[in-house]
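Here's the structure we're looking at; comments come further down.
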Amino acid sequence: MIQIRKDKIDIDQAWNIVYSRLEEDGLLSRPAGRSVSSLFIHNKWIATAMLLLVCGVTAWLLTRNQSAPSVHLLTLQNEKGAVTLVTTLEDGSIVYLDDDTQLQYPESFAPEKREVRLQGNALFNVTGNRERPFLIETGLVRIEVIGTAFHVKNAGSSAFELAVEAGKVKVILKETGEVVYVETGETVSLLSDASLKIMKTEHPEQFSYYKNYKRFKDEQLANILHVLNQENNSYILQTIPSLEDRQLTVTFSDNSPEEVAELICLALNLKYEKENNRLLISD
């Protein structure tokens, strides 16, 4: 009991010293007729509550920062004057990058959305997923899709333009908030008066332009075959599971499926066999 009393006296004395210093510095107002001890009794619970609140908020912020997943962004840059650079994203969506074009994307998409950033021109073939819309950020426009194929022109001083090959795309002009929906066979352009105009697509060959000459850089074999199978229906290119992660840098220029299989096998020292409409690459 004596020890407890002594601790209490020590604490009271410490609080009196603190409050006296605050009072001397003019940081504490004290009503007339009230002692520092009475102020301590009156305010110690408030101070304790504030201390607990600060500790609680700090702990919450630390826990929140530790639990929030860090987003690892990847950057894919196609050099100026180079042929189309093709990549497959984590969700299976395919992106064809024109020369002097940059794409930023996460290593893994968030559960509720798939978001990328584009500088330049690109052709997108987006895997459909209504629960996870695909979002493209450009300098002037935000693009929202569920699953479709479309061409985006967003290079330097050129006016923004988007042409839809298949599906439906939502385009939002950031400056004014104007929203338009672009469907198959339509093109939307950004006019000089900062408005969006929809018209019929005049040059449908713009979609095939990206696929005639294309390059894969350090791309997994499974992704390369995924892209090639999307582009032709005559043969299905397949490989065995143990080879799917093999990486390859290769360029194709309107090659037939058999020529493609031969090039891949030469580059990776593999072999392929033909069975009906299937070309199986193995070791």
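As a basis for the values below, the full set of heavy atoms in this structure was taken, side chains included, without hydrogen atoms, waters or symmetry mates.
The NZ atom of K113 sits 12.5 Å away from the CZ atom of F134 when rounded to the nearest 0.5 Å. The OG1 atom of T101 lies 11.0 Å from the CD atom of E79; values are rounded to the nearest 0.5 Å. Atom CG of L162 is separated from atom OG of S189 by 9.0 Å, given to the nearest 0.5 angstrom. In this structure, CG on L97 lies 7.0 Å from CZ on F124, to the nearest 0.5 angstrom. Atom OG1 of T84 and atom OH of Y96 lie 9.0 Å apart (nearest 0.5 Å). How far CG of L103 is from CD1 of I136: 8.5 Å, rounded to the nearest 0.5 Å.
Checking each of L123, N121, I143, V141 against V152 for a side-chain contact (heavy atoms from CB on, under 4.5 Å) leaves exactly one that passes, namely I143. Exactly one residue among T184, T187, V182, V188 makes a side-chain contact (heavy atoms from CB on, under 4.5 Å) with T201. That residue is T187.
A distance-only check finds no donor-acceptor pair linking the side chain of T138 to the backbone of L118 [under 3.5 Å]. Distance alone, capped at 3.5 Å, is enough to place a donor-acceptor pair between the T249 side chain and the D218 backbone.
Within a 6.0 Å sphere centred on NZ of K153, heavy atoms belonging to other residues, nucleotides or ligands number 12 at most. Heavy-atom neighbours of E205 CD from other residues, nucleotides or ligands within 6.0 Å: above the threshold of 12.
Figure legend: cation-pi geometry between K168 and Y181, with NZ or CZ positioned under 6.0 Å from the six-membered ring centre and within 45° of its axis.
Shown here for C265 and K271, the closest heavy-atom pair between the two residues is SG-C, 3.4 Å. A pairwise comparison of heavy atoms in A194 and E175 identifies CB-OE1, 4.2 Å as the closest pair. For the residue pair E112 and P133, the shortest heavy atom distance occurs at O-CD, 3.5 Å. What you find for L248 and A267 is that their closest heavy atoms are CD1-CB, 3.5 Å. What you find for V83 and Y213 is that their closest heavy atoms are CB-O, 4.0 Å. In terms of heavy-atom proximity, F109 sits nearest to R114 at CD2-CA, 3.4 Å.
No side-chain heavy atom of V116 sits under 4.5 Å from any side-chain heavy atom of V95. Taking 4.5 Å as the limit, every side-chain heavy atom of K217 sits out of range of all side-chain heavy atoms of N78.
For residues 274-283, the pairs satisfying side chain to side chain donor-acceptor pair (under 3.5 Å) are Y235-K274, Q238-R278, E275-R278, with sequence neighbours left out.
Aromatic rings from H151 and Y209 are positioned such that their centres are separated by 6.0 Å or more.
Residues L279 and L263 share a hydrophobic cluster, clusters being chains of Ile/Leu/Val/Met/Phe/Trp/Tyr side chains in contact below 4.5 Å.
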